[in-house]
Amino acid sequence: MADNKKDMPPELKEKLKAGFNQEWRKELRKSFPMKERMKIKRQKMPERNPDERNQDFFEVNRGLRAKAAVAEAKRCWDCANPQCVKGCPVGIDIPAFVKMIEIGDFDQSVRKLKETNALPAICGRVCPQEIQCEVVCNLKKATGTPVAIGNLERFVADYEREKGDMFIPSLPPSTGKKVAIIGSGPAGLTVAGDLALKGHKCTIFEALHVPGGVLWYGIPEFRLPKKILEAEVDYLKKLGVELRTNFVVGLTATLKELKKEGFDAFFVGTGAGLPNFMRIPGENLVGVYSANEYLTRVNLMRAFEFPEYDTPVYLGKNAVVLGGGNVAMDSVRTAKRLGAEESTIVYRRSRVEMPARIEEVHHAEEEGIKFHFLTTPTQFIGDDRGHVKAMECIQMELGEPDDSGRRRPIPIEGSEFIMEADLVVVAIGNSPNPLIPQTTPQLKVGRWGNIEVDWDTMATSMKGVYAGGDIIRGGATVILAMGDARIAANEMDKYLQNHKKK
Amino acid sequence: MAKILKRERLVPNVHVIEVEAPEIVRKCQPGQFVIIMPDKKGERIPLTVADWDKKKGSITSVFLVVGTSTHKLAELKAGDDIPVFVGPLGKPSEIEKFGTVLVAGGCFGIAAIYPIARALKQKGNKVITLIDVKANYLLYWEEKLRAVSDQFHVSSRDSFYDCKEYIPHTLESLLKKEKKIARIHSIGCTYLMYTCAEATRPYEIQTLVSLNPIMVDGTGMCGACRVTVGGKTKFACVDGPDFDGHLVDWDELFMRRKSYFDDEIHSMCYWEKKNFP
Ligand SMILES: Cc1cc2nc3c(=O)[nH]c(=O)nc-3n(C[C@H](O)[C@H](O)[C@H](O)COP(=O)(O)OP(=O)(O)OC[C@H]3O[C@@H](n4cnc5c(N)ncnc54)[C@H](O)[C@@H]3O)c2cc1C
Ligand SMILES: Cc1cc2nc3c(=O)[nH]c(=O)nc-3n(C[C@H](O)[C@H](O)[C@H](O)COP(=O)(O)OP(=O)(O)OC[C@H]3O[C@@H](n4cnc5c(N)ncnc54)[C@H](O)[C@@H]3O)c2cc1C
Ligand code: SF4
Ligand code: FES
């Protein structure tokens, strides 16, 4: 896996320094001393009432108001050595966009953000800032509470979208080169946007009937409203990107066949679509879902509006979700919203090891979600119709840290107990989608079925074919997928400039 | 969006649908299926590809009207657009020169078995076709099937055919008569495939069945379609749909297919009330 804690590249250091030395920034720093800035409290994200929001699918966070955003931006010291930028996997110039908010120039601020992050309205909502930029923020070291970088990112991006006129950069003349992008998740969308701006003709191929990948079928409306994604896709269309949904590359046409059709370069961003199961007895009972199926039924097929929409989903009284990541949190909160009386997380480690965003765990607790730590099921028990009705579980204790650095859970002998459950969602991770590797034997794949790339260029073992996002990392994050996509797009542009049509 | 070129009733409750899909035609092989969604609020359901026309760029499927989605499909007319028609999905059926092959089909499987029979015939196999119908007026595509079969048999409970048997009985008498059958391929409702597999088990003849669990994406992403074959969990949409019928956990498949029994009735009633008040 890639090392994301690399030292800052020299160009980035230069860029930050130039920004830092701009006159207006100097003035701004002087106008309001650090001590005063420290006195401002972190602006609270307005949230909907938990007992109301856990009944519907509308967004939980309402977003900062402009006044609060400016106040929040004032807290930032505009550091000479901004640690936050180091913490950001794509190296956003954080102090620059934050200071533009402070002076009220929201339009400039968004443009600054978009120089490095193509999807700020999405990242502002779903990035794990508390382990990236905010954890290393100098203000956190001084006061304990970092600048709310994620909330500010979301604020300016929403400001631009709600204003209605998204900034459309002027396009360079067409290069005549054609790029095929496979998968319309954050990785694919980013590559399409970047390469369209370089004048290449981009076509995105998507297996499902709606673009967006996990952003559409996985992350629920209450966390990421679909209208945001739709706006991003509209923007790409305005840049001339073509979208071909209902097209499964590998089956509808292989990479090789697309090449024959005249595509000059490829980006594979097919994600980690293969759900992992527990492999314990009773897992195929009715009412046991993979998180992918459960969330797809609800988010993509809109089972929450059944029977107006035709796709059903099983509504449990006692919903249990296995896992401790974002996927588990989304599933358990969805079950609650669909009317489960009890909605419970069962996780084999303890609270501190949970990989989910802290905000989501916090929101889940407020919404009445129960947590059962240090527990794992050993089998599912069915009724006479083949429906799951309970789980046999075993308690765990934490041993020595394993390869991932987290303490390994060890079963406690004789601690088995029965837990009632008539809906179980297995959210213990996904593996890379095998369709492309299977139908493209020339592509080198790694131990977990991940496509292998050169981490500096995102080039795969096939000439002209690049890859990024969950297909190379296994289940990762939106921002890492976008980071990969940025690197790939840059390299693909270079490749295309030297590439001659046969 | 895909365009409907034709939708007709073949026999009571069974319809044929022809859809413009030039890309799918290029790749389509016997045994594969498509996922279709009748309208924007519909469900994604799988249908086996029953025929295709390379020149026209069209795919033909035959379906039995059972619930909401298939009722909606039966209401479509030529010229209508549908939001999802994606494929070809699943692994193609194994087509080799095996010698003598018996293909068995019932209901929508009468059509679904056709491209398999045709391909087997083209490979030089002796093809024995066995079709099951409840009554003679439910038989369709007879001419098409006869054209690719060396023998054509019908099992039925109808006095029109002088037999009062369900498919496994006819199958057994054929197995006794034809000693050299190398393999059997059956498609139709789960019960038909199950009884065929049970009938051939004592004879130890390889029996392939095209399983029809509930699906959502059809690309291996969700696991809705999981079936147990030889003690292992398989995703029917990517590992199948063809499996060895002697290794399938049939009880589990029957049970999983009934997952949404109550919801399906609810959905059907809701749709009927809305459209035929
Ligand atoms: C429920 C859930 C919640 C999450 N929450 C967060 C979060 O809060 N924060 C965060 O940072 N990350 C989160 N993640 C992880 C994040 O969404 C992923 O890391 C990210 O979406 C990966 O992007 P990608 O572009 O690589 O792939 P994906 O988003 O998976 O997109 C891949 C796309 O490719 C398509 N595809 C696959 N195969 C083919 C093919 N052969 N032909 C055509 N198309 C194909 C798929 O249909 C899909 O649309 C979450 C994930 C899930 C499932
Ligand atoms: C690989 C495959 C190929 C198939 N080929 C054909 C075909 O060529 N012709 C044909 O008539 N039928 C075929 N089927 C079955 C067909 O998909 C179902 O009859 C159809 O989905 C019923 O939908 P409905 O809404 O009309 O009925 P519902 O009322 O929803 O359900 C009726 C029955 O259909 C099954 N079913 C429901 N939803 C699905 C779903 N999403 N996927 C699969 N099964 C479901 C249920 O088990 C139920 O018993 C195939 C199934 C599979 C898996
Ligand atoms: S480290 Fe914190 S205070 Fe310093 S520039 Fe970054 S966000 Fe502002
Ligand atoms: S239908 Fe989703 S994995 Fe097979």
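Proteins come first, then strands; the chains are lettered A, B, ... in the order of their sequence lines, and each starts at number 1.
Look at A/Glu242 and A/Lys178 and you find no salt bridge, because none of the NZ, NE, NH1 or NH2 atoms lies under 4.0 Å from a carboxylate O. Using a 4.0 Å cut-off between charged nitrogen and carboxylate oxygen, A/Asp422 and A/Lys389 do not count as a salt-bridge pair.
Ring centers of B/Tyr260 and A/Phe306: at least 6.0 Å apart, outside the cut-off. Aromatic ring centroids of B/Tyr194 and B/Phe254 lie under 6.0 Å apart.
In this structure, chain B has a heavy atom under 4.5 Å from the side chain of A/Glu257, while its backbone stays farther away. Proximity to chain A (any heavy atom under 4.5 Å) is shown, for B/Glu23, by both the backbone and the side chain. Both the backbone and the side chain of B/Pro88 come within contact range of chain A, judged by heavy atoms closer than 4.5 Å. Within the 4.5 angstrom heavy-atom criterion, atoms from both the backbone and the side chain of B/Val84 approach chain A. With a 4.5 Å cut-off on non-hydrogen atoms, A/Phe277 touches chain B through its side chain but not through its backbone. Residue A/Arg279 does not touch chain B at all, counting heavy-atom pairs closer than 4.5 Å.
To the nearest 0.5 Å, atom CG of residue B/Leu208 and atom CG of residue B/Asp242 are 6.0 Å apart. For the atom pair CD1 (B/Ile214) and NZ (B/Lys258), the distance works out to 11.0 Å, reported to the nearest 0.5 Å. A distance of 10.5 Å separates CZ of B/Phe85 from CG of A/Asn246, quoted to the nearest 0.5 Å.
When each of A/Leu285, A/Val288, A/Thr296, A/Leu251 is checked for heavy-atom pairs under 4.5 Å with chain B, A/Leu251 comes out on top. Between chain A and the residues B/Met255, B/Arg26, B/Glu252, B/Lys72, the most heavy-atom pairs under 4.5 angstrom are made by B/Met255. Per-residue heavy-atom pair counts under 4.5 Å with chain A were compared for B/Ser259, B/Gly223, B/Cys269, and the maximum is reached by B/Ser259. The residue among B/Arg226, B/Glu264, B/Lys274 with the most heavy atom pairs within less than 4.5 Å of chain A is B/Arg226. Chosen from B/Asp262, B/Asp251, B/Thr233, the residue pairing most often with chain A at heavy-atom distances under 4.5 Å is B/Thr233. Among the candidates A/Ala303, A/Pro275, A/Ser290, the residue making the largest number of heavy-atom pairs closer than 4.5 Å to chain B is A/Pro275.
Within residues 28-52 of chain B, the residues having any heavy atom less than 4.5 Å from a heavy atom of chain A are, in residue-number order, B/Met37, B/Lys40, B/Lys41, B/Gly42, B/Glu43, B/Arg44.
Nearest heavy-atom pair across A/Leu435 and B/Thr219 is CD1-O, 4.0 Å. The two residues B/Cys222 and A/Asn292 make their nearest non-hydrogen contact at CA-CB, 4.1 Å.
Relative orientation of the A/Phe266 and A/Phe263 rings is tilted, given thresholds of 30° and 60° on the angle between their planes. Ring-plane geometry between A/Tyr314 and A/His387 is classed as tilted, the angle between the planes lying from 30 to 60 degrees on a 0 to 90 degree scale. Aromatic ring orientation, B/Phe63 versus B/His15: parallel (interplanar angle below 30°, classes split at 30° and 60°).
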